[in-house]
Amino acid sequence: MKSNWFLLTLCVTAQLIYGQETAQVHQSGDAVKLELPSAINPLHLSDEEWKKKLDAETYYIMRERGTERSFTGKYWDNHENGIYICNACKLPLFKSETKFESGTGWPSFYDPLRKDVLSVAKDNSHGMTRNEVLCARCKGHLGHVFDDGPKPTGLRYCMNSAALEFIPNGKLKLK
Ligand SMILES: [Zn+2]
């Protein structure tokens, strides 16, 4: 029992520390505190390294700019309070307070947790011009941003569930 608990703690800690160069992770019991780094240091891994770290679906979405089918991901209908982090490098990206019902079948937010946790790039694929949203640290593809969102920003960050990991309140606290 004791060794099981130790292994669980080790897994959770390793998962949250993974890829974080400057974030500090503190753990006591079930709660995990994660400090958002003051500056985002880019994380570069080769395709081979990403393939080893990510499951096939996450690799397809995040490294090959894939899109999951709407209403199939695990977070479009998630109403719990907490924080959404990058599923590849674990950088905190969105708070549940900024998630809204877009009706699209993808988890949608009107504001990131902090402006510099996201990068935006022009995407001209599929005969459209869209703004692609990437994790600022690992450059993993997250989704797209549109200008038909609700107030106060008017933006709609349309994300793939597979590019996110949800940490419920109480499990992770931003310092
Ligand atoms: Zn990332």
Worksheet item: Which heavy-atom pair separates Pro37 from Arg114 by the least distance, and what is that distance?
Response: O-NH2, 2.8 Å
Worksheet item: Only one of Phe100, Phe109, Phe71 clears ring pair (Phe, Tyr, Trp, His ring centres under 6.0 Å) with Trp76; which?
Response: Phe71
Worksheet item: Which heavy-atom pair separates Ser108 from Ser102 by the least distance, and what is that distance?
Response: OG-OG, 2.8 Å
Discussion item. Between Leu155 and Asp148, is there a side-chain heavy-atom distance shorter than 4.5 Å?
Written reply: no
Worksheet item: Do the non-hydrogen side-chain atoms of Trp50 and Met62 ever get within less than 4.5 Å of each other?
Response: no
Item to complete: Report yes if some heavy atom in the side chain of Arg65 is under 4.5 Å from a heavy atom in the side chain of Asp123; otherwise report no.
Response: yes
Practice prompt. Report yes or no: does Arg137 contribute a side-chain atom to a donor-acceptor pair with the main-chain N or O of Cys89 at less than 3.5 Å?
Written response: yes
Discussion item. Keeping Ser161 on the side-chain end and Tyr75 on the backbone end, is there a donor-acceptor pair under 3.5 Å?
Written reply: yes
Discussion item. Quick check on Asp147: does its CG atom have over 12 non-hydrogen neighbours (other residues, nucleotides or ligands) under 6.0 Å away?
Written reply: no
Worksheet item: Are side-chain heavy atoms of Val133 and Met159 found at a separation under 4.5 Å?
Response: yes
Worksheet item: Got a salt bridge between Lys90 and Glu165, using NZ or NE/NH1/NH2 to carboxylate O under 4.0 Å?
Response: yes
Practice prompt. Evaluate the side chain to side chain contact (heavy atoms under 4.5 Å, CB included) criterion for residues Ile61 and Thr67: first the C-alpha distance (whole Å), next the side-chain angles of each, then the deciding distance (0.1 Å), finally the verdict.
Written response: CA-CA 6 Å; Ile61 304 281; Thr67 301; 5.5 Å; no
Worksheet item: Going through the distances and angles, do Glu132 and Lys122 end up as a side chain to side chain contact (heavy atoms under 4.5 Å, CB included)?
Response: CA-CA 6 Å; Glu132 180 190 9; Lys122 280 272 176 274; over 6 Å; no
Discussion item. Among Glu49, His44, Glu48, which residue satisfies the side-chain hydrogen bond (donor to acceptor under 3.5 Å, both in side chains) criterion with Ser46?
Written reply: Glu49
Fill in: Student check: side-chain heavy atoms of Leu93 and Pro112 closer than 4.5 Å
no
Item to complete: For the pair Glu68 (side chain) and Ala162 (backbone), establish whether a donor and an acceptor sit closer than 3.5 Å, ignoring hydrogens and angles.
Response: yes
Fill in: Nearest atoms (heavy-atom pairs only) where Pro92 meets Val117
O-CG1, 3.6 Å
Fill in: Pair Glu101-His79, side-chain donor/acceptor within less than 3.5 Å
yes
Fill in: Identified side-chain contact (heavy atoms from CB on, under 4.5 Å) partner of Leu142 from the options Leu134, Leu118, Asn160, Asn87
Leu118
Worksheet item: Is there a donor in the side chain of Asp111 and an acceptor in the side chain of Tyr157, or the other way round, less than 3.5 Å apart?
Response: no
Worksheet item: Quick one: are Ser96 and Glu80 in side-chain contact, heavy atoms under 4.5 Å?
Response: no
Discussion item. Pair Tyr59, Lys53 - check side chain to side chain contact (heavy atoms under 4.5 Å, CB included), show working.
Written reply: CA-CA 9 Å; Tyr59 183 88; Lys53 290 183 184 297; over 6 Å; no
Fill in: Short side-chain to backbone donor-acceptor contact, Thr153 and Tyr110, under 3.5 Å
yes
Practice prompt. Mind telling me whether Phe146 and His144 have parallel, tilted or perpendicular rings, with 30° and 60° as the class edges?
Written response: tilted
